[in-house]
Asks: 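The structure under discussion is supplied below as structure tokens; questions concerning it will follow.
Keep in mind that what you see is a predicted model, and the values were worked out from it rather than measured. Every heavy atom of this structure was used, including side-chain atoms; hydrogens, water molecules and symmetry mates were not. First the proteins, then the strands, lettered A, B, ... as listed; each starts at 1.
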2 protein chains.
Amino acid sequence: MPKLSDAAIGKRKDVIEAAACELFITQGFHAASMRDIAKGAEVSLGNLYNYYPTKEAIFESIINGYVKVIDDKLKSIFAQIDEPLDPENLRRLGEMAGKLVNEHSDFWLLMYIDVLEFQNRHFRKMFNGITDRFRKIFAKQFDEAAKRGDLRTGVDPATVFTTAYMQFFNYFLVEKLFGGNRHLGLNDEQALNCLTKIFAYGTLSEEKLAKFKKQANKAMV
Amino acid sequence: MPKLSDAAIGKRKDVIEAAACELFITQGFHAASMRDIAKGAEVSLGNLYNYYPTKEAIFESIINGYVKVIDDKLKSIFAQIDEPLDPENLRRLGEMAGKLVNEHSDFWLLMYIDVLEFQNRHFRKMFNGITDRFRKIFAKQFDEAAKRGDLRTGVDPATVFTTAYMQFFNYFLVEKLFGGNRHLGLNDEQALNCLTKIFAYGTLSEEKLAKFKKQANKAMV
DNA sequence: TAAATAAAAATGAACGTCCGTTTTTTATCA
DNA sequence: TGATAAAAAACGGACGTTCATTTTTATTTA
């Protein structure tokens, strides 16, 4: 048999990784067996080793692929946010965080596996210097907001944005994976409004808030 | 051999659970073997089954014990907070959350095991109705704060408090378990100040804030 | 065009080890 | 001695990985 095309190999790997991921996130890394992965991917046990040297290599490949997917989604989210400190945009950030969590909760389950079984070796970089990354992404907007005096004195826009970002993700993760079940006593819509409000009032200057109140939609205020 | 005293049995169980916990949190539930648990506890493999019917029973016993410990610590934390919406007290809540996370990160690792391998069966109750629990705990204070007009209009004190509570824990968990390493670009002290500030400004009425500013310590404003 | 070739891919049995649990044996002390 | 605890041995099965073998198919040859 001649060598398979890269595309064919890639396709097969996708099938294997989909099966493996499903097992990893439902039972953990060690509890998922190579036999079950093979069965799920409709590949023979031995053939798995033509595609990956070890079980851990499958795990790593899944993560690397997923990190790219999520990174891209995040980039597209940030690209949609022209004015990161505007309450309406903050709220949209929250909305999109919710969508991401609900559509890709696997990603965070893999992260918990990594925390537990690999000391978060594969995901550490996601949190490292996250504030500075936001500072770069929104450098222009943060700068202009500061010049305009949009922010309360002593408030660093990048830190605030990161805090809001983390809070949104944490809210939806608790709801989705930890059995929160309306843990704030609100539905998602209301919770988003509430969180956005806290961050808006918590970080914007009185002048900016006044401006915003004028044009705000009712649900927000 | 005569029957062991309950105290002796309890002591032995503590040793077994300590060894098991150590293994669970470093490698996950399935990767930790009964043989290693026995070795760690200096008990024979077979003898483990005189104390626990199954491996999962060990896990459950660890969790039940830990939940009690953490619940007690939380209760004592809340007992120290006479005025939950006062910025200084919010900050102290954050401090104590940090201490709890750093001293008992095992607890959250066990929670991640539970999320992964048991759909969070054993921990769900921790998040269920958490806001309403705070509403009860601080019923008097929230009521009086509302009467005094301490809060911005439309802000529910219990929700706000829960939000702050979650944010503090999440901050320290990211730092401790997810490789955050000053992910807000601040040290813990500064991060606490920043988070407290956001929540204070985000939720307190202008009058209350003015009052607070007068007597605030410098670091906070 | 059809058969032969050969390298790659796929297979599944086999390996040695370890798993959770059970059973049997031994030790202990009123 | 007799009940109980502890240790040891044994159980069947599952684990990740290896490997000799078979199957597959693009290319070469006739």
Asks: Can you measure from CZ (B/Phe161) to CZ (B/Arg135) and round to the nearest 0.5 angstrom?
Replies: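 Going from the CZ atom of B/Phe161 to the CZ atom of B/Arg135 covers 13.0 Å.
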Asks: Whether A/Arg121 and A/Glu56 form a salt bridge (side-chain N of Lys/Arg under 4.0 Å from carboxylate O of Asp/Glu) is what I want to check.
Replies: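 Looking at A/Glu56 and A/Arg121, the cut-off is met.
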Asks: What donor-acceptor contacts under 3.5 angstrom involve side-chain atoms of residues 98-109 of chain A, with partners at least two apart or in another chain?
Replies:
residue  : atom : partner : partner atom : Å
A/Asn102 : ND2  : A/Gly98 : O            : 3.0
A/His104 : ND1  : A/Tyr66 : OH           : 3.1

Asks: To the nearest 0.5 Å, how far apart are CD1 in A/Ile16 and SG in A/Cys21?
Replies: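 Between atom CD1 of A/Ile16 and atom SG of A/Cys21 there are 13.5 Å.
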Asks: Using a heavy-atom cut-off of 4.0 Å across all strands, would you classify A/Tyr51 as base, sugar-phosphate, or nothing?
Replies: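 Result for A/Tyr51 = sugar-phosphate.
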Asks: Are the charged groups of B/Glu60 and B/Lys55 less than 4.0 angstrom apart, N to O?
Replies: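 So B/Glu60 does not pair with B/Lys55 through a salt bridge.
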Asks: Walk along nucleotides 18-26 of chain C from 5' to 3' and tag each nucleotide B, S or - by protein heavy-atom contact under 4.0 Å, base first, then sugar-phosphate.
Replies: -BBBB----
Asks: B/Lys39 NZ to D/dA8 C1': how many Å, rounded?
Replies: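 The distance from NZ of B/Lys39 to C1' of D/dA8 comes to 15 Å, rounded to the nearest Å.
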Asks: Atom CG of A/Asn50 to atom P of D/dT22: distance rounded to whole Å?
Replies: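 Spelled out: CG on A/Asn50 to P on D/dT22 is 17 Å.
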Asks: Between D/dA9 atom C1' and B/Asn47 atom CG, what is the distance in whole Å?
Replies: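 Checked: the CG to C1' distance equals 15 Å.
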Asks: When the distance from CD of A/Glu42 to P of C/dA10 is rounded to whole Å, what number comes out?
Replies: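 Rounding to the nearest Å, CD of A/Glu42 and P of C/dA10 are 14 Å apart.
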Asks: Quick test of your reading of the model: are A/Glu95 and A/Arg91 salt-bridged, counting only N-O distances below 4.0 Å?
Replies: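 Salt bridge flag = yes for A/Arg91 with A/Glu95.
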